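Below: one structure, written as structure tokens.
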Amino acid sequence: MLALQFDFASGGVRAYFGYADKPNFPARYNIAPTQAIPVVCRDGQGTRRFRLMRWGLLPPFVKDPKRFPTLINARSEAVLEKPSFRHAMRRRRCLIPADGFYEWTGAKGKKRPFHLRPREPRLIAFAGLYETWQDPAGGEIDTVTILTCEANRTVAALHDRMPVVIEPEQFEAWLDVEGVSAEEALAILGPAADDLFEAVEMHPKINDSRKDEPGIQEPLQLSLL
DNA sequence: CCAGACGTTGTT
DNA sequence: GTCTGG
DNA sequence: CCAGACGTTGTT
DNA sequence: GTCTGG
């Protein structure tokens, strides 16, 4: 799940990611896999663009998406070998704007959600791969997945994996599939600094993806008052 | 050769 | 246990 | 990712 | 489309 409360048309966000568009994407508090998420990628001219893509990559060779898993994550260590990701790693790298991510502990039915958010408020960019999938009728769907890596110290308390964060100095190298090989791009990927994120336990109401409204993203402590 | 897979996370 | 919907 | 369903026949 | 297993 993701929460995104940015104004993607505002100058600050556009300047950080370097896209020319002024998109109108509403504040979201609980984005689930298979839903549309904002993505920053390069177009044919090399210009950075804001795009909405289905979260859950479909490789071009898939015939029936119903009989294919929802690929919301890709292990960065393995992307060069996996048929589902290899082409995208060479030709379709992208950034996913975020303000953090969720991890869970606990058993099914009583999951305790934690929001991992920047210790100091700032924008985050996750490393992503995308593919354009063609349905049998000829329609095109842009689909995207988020790369993961070994957890850093902070995240390891909850899980052994975390999304790959790309810092602005590496945006161009990550996005430049013409000038930077997949092997070189792979070398950029790794766990974020241990002090980038802090874990804040959330109210379990965030677990219900049918709810997407202000207040759903509420720290557990506040809700007990 | 053809048929079938092609993936991750978390949990045990 | 496994699949689907969000 | 988590939560919730997991089914058919026949009738409206 | 490409790779793996049989």
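Below, chains carry the letters A, B, ... as their sequence lines are ordered, and counting in each starts from 1. Everything numeric in this text was worked out from a predicted model, so none of it was measured.
- Comparing the C1' positions of dC2(D) and dT9(B) gives an interatomic distance of 12 Å, to the nearest angstrom.
- Taking atom C1' on both dG6(C) and dG4(B), the two are 31 Å apart, rounded to the nearest angstrom.
- For Lys111(A), counting side-chain heavy atoms from C-beta on, the closest listed nucleotide (dT8(B), dG10(B), dC6(B)) is dG10(B).
- When rounded to the nearest whole Å, the span between CE of Met162(A) and P of dT9(B) equals 13 Å.
- Annotation: dT11(D) and dA3(B) have their P atoms spaced 45 Å apart (nearest Å).
- Contact check for Ile124(A) versus Ile96(A): no side-chain heavy atoms found under the 4.5 Å cut-off.
- For Asn207(A), counting side-chain heavy atoms from C-beta on, the closest listed nucleotide (dT8(B), dA3(D), dG1(E)) is dA3(D).
- Under 4.0 angstrom from either OP1 or OP2 of dG5(C) there lies no side-chain N or O belonging to Lys211(A).
- Distance, Lys205(A) NZ to dA3(D) C1': 17 Å, rounded to whole Å.
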Discussion item. Under the criterion side chain to side chain contact (heavy atoms under 4.5 Å, CB included), I'd like the reasoning laid out for Arg54(A) against Tyr130(A): C-alpha separation, chi angles, the key distance, then a yes or no.
Written reply: CA-CA 9 Å; Arg54(A) 175 195 191 262; Tyr130(A) 69 101; over 6 Å; no
Practice prompt. Start with the C-alpha distance between Glu167(A) and Arg122(A), add both sets of side-chain angles, then the distance that settles salt bridge (Lys or Arg N to Asp or Glu O under 4.0 Å), and finish with yes or no.
Written response: CA-CA 11 Å; Glu167(A) 295 297 348; Arg122(A) 53 160 285 190; 2.9 Å; yes
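- Rounded to an integer number of Å, the gap from CH2 of Trp55(A) to P of dT4(C) is 19 Å.
- At the heavy-atom level, Ala107(A) lies nowhere under 4.0 Å from the strands shown.
- More than 12 non-hydrogen atoms from other residues, nucleotides or ligands lie less than 6.0 angstrom from CD of Gln35(A).
- When every heavy atom of Leu57(A) is checked against every heavy atom of Leu129(A), the shortest pair comes out as CD1-O, 3.5 Å.
- Listed pair Thr148(A) / dT9(B) meets the phosphate criterion, a side-chain N or O lying under 4.0 Å from OP1 or OP2.
- Look at the P atom in both dC6(D) and dT8(B): the space between them is 30 Å, to the nearest Å.
- With both ends at atom P, the span from dA5(B) to dT2(C) equals 16 Å, rounded to whole Å.
- Pro59(A) comes within contact range of no nucleotide atom at all, as no heavy-atom separation falls under 4.0 Å.
- The phosphate of dG4(D) (OP1 or OP2) has a side-chain N or O of Arg210(A) nearer than 4.0 angstrom.
- The OH atom of Tyr102(A) sits 19 Å away from the P atom of dT9(B) (whole-angstrom rounding).
- Gln134(A) places its CD atom 12 Å from the P atom of dG1(E), with the value rounded to the nearest Å.
- Look at CD1 on Ile37(A): it is 18 Å from P on dG6(C), rounded to the nearest Å.
- Summarising the local packing, CD of Glu120(A) is surrounded by 12 or fewer heavy atoms from other residues, nucleotides or ligands at distances under 6.0 Å.
- Across all strands shown, Asp160(A) has heavy atoms under 4.0 Å from sugar-phosphate atoms exclusively, and none from any base.
- Taking a pair as Watson-Crick or G-U with both hydrogen-bonding distances under 3.5 Å, the stems of three or more pairs touching DNA chain E are B:1-6 with E:1-6.
- Distance from the side chain of Ile72(A) is smallest to dC1(D) among dC3(E), dC1(D), dG6(C).
- Between the side chain of Lys108(A) and the base of dG1(C), no donor-acceptor pair under 3.5 Å is found.
- Residue contacts for Gly106(A): at a heavy-atom cut-off of 4.0 Å it reaches the sugar-phosphate backbone alone, with no base atom in range.
- Phosphate proximity of dG1(E) to His87(A): absent, as no side-chain N or O sits under 4.0 Å from OP1 or OP2.
- A salt bridge (charged side-chain N to carboxylate O under 4.0 Å, His left out) with Glu131(A) is found for exactly one of Arg86(A), Arg90(A), Arg92(A), namely Arg92(A).
- A distance of about 11 Å separates the C1' atoms of dG10(B) and dC1(D), rounded to the whole Å.
- Within the structure, a side-chain polar atom (N or O) of Arg75(A) is placed less than 4.0 Å from OP1 or OP2 of dT9(B).
- Ring-base stacking between Phe61(A) and dC6(B) is satisfied, the centre separation being under 5.5 Å and the plane angle under 30°.
- Taking only side-chain nitrogens and oxygens, Arg161(A) comes nearer than 4.0 Å to OP1 or OP2 of dT9(B).
- Following rounding to the nearest Å, Leu147(A) (CG) and dT9(B) (P) show an atom-to-atom distance of 10 Å.
- Residue Lys82(A) has no polar side-chain atom (N or O) positioned under 4.0 Å from OP1 or OP2 of dC6(B).
- For Thr34(A), counting side-chain heavy atoms from C-beta on, the closest listed nucleotide (dT9(B), dG7(B), dG6(C)) is dG6(C).
- When distances run from any side-chain atom of Phe85(A) to the nucleotides dC1(D), dG7(B), dG10(B), the shortest one goes to dG7(B).
- Here Phe8(A) and Phe50(A) bring their ring centres to under 6.0 angstrom of each other.
- Side-chain atoms of Phe6(A) and Asp99(A), non-hydrogen and from C-beta on, do get closer than 4.5 Å to each other.
- The residue from Tyr102(A), Phe197(A), Tyr29(A) that alone fulfils the ring-ring contact (aromatic ring centres under 6.0 Å, His included) condition with His115(A) is Tyr102(A).
- dT2(E) atom C1' lies 13 Å from atom CZ of Phe68(A), rounded to whole Å.
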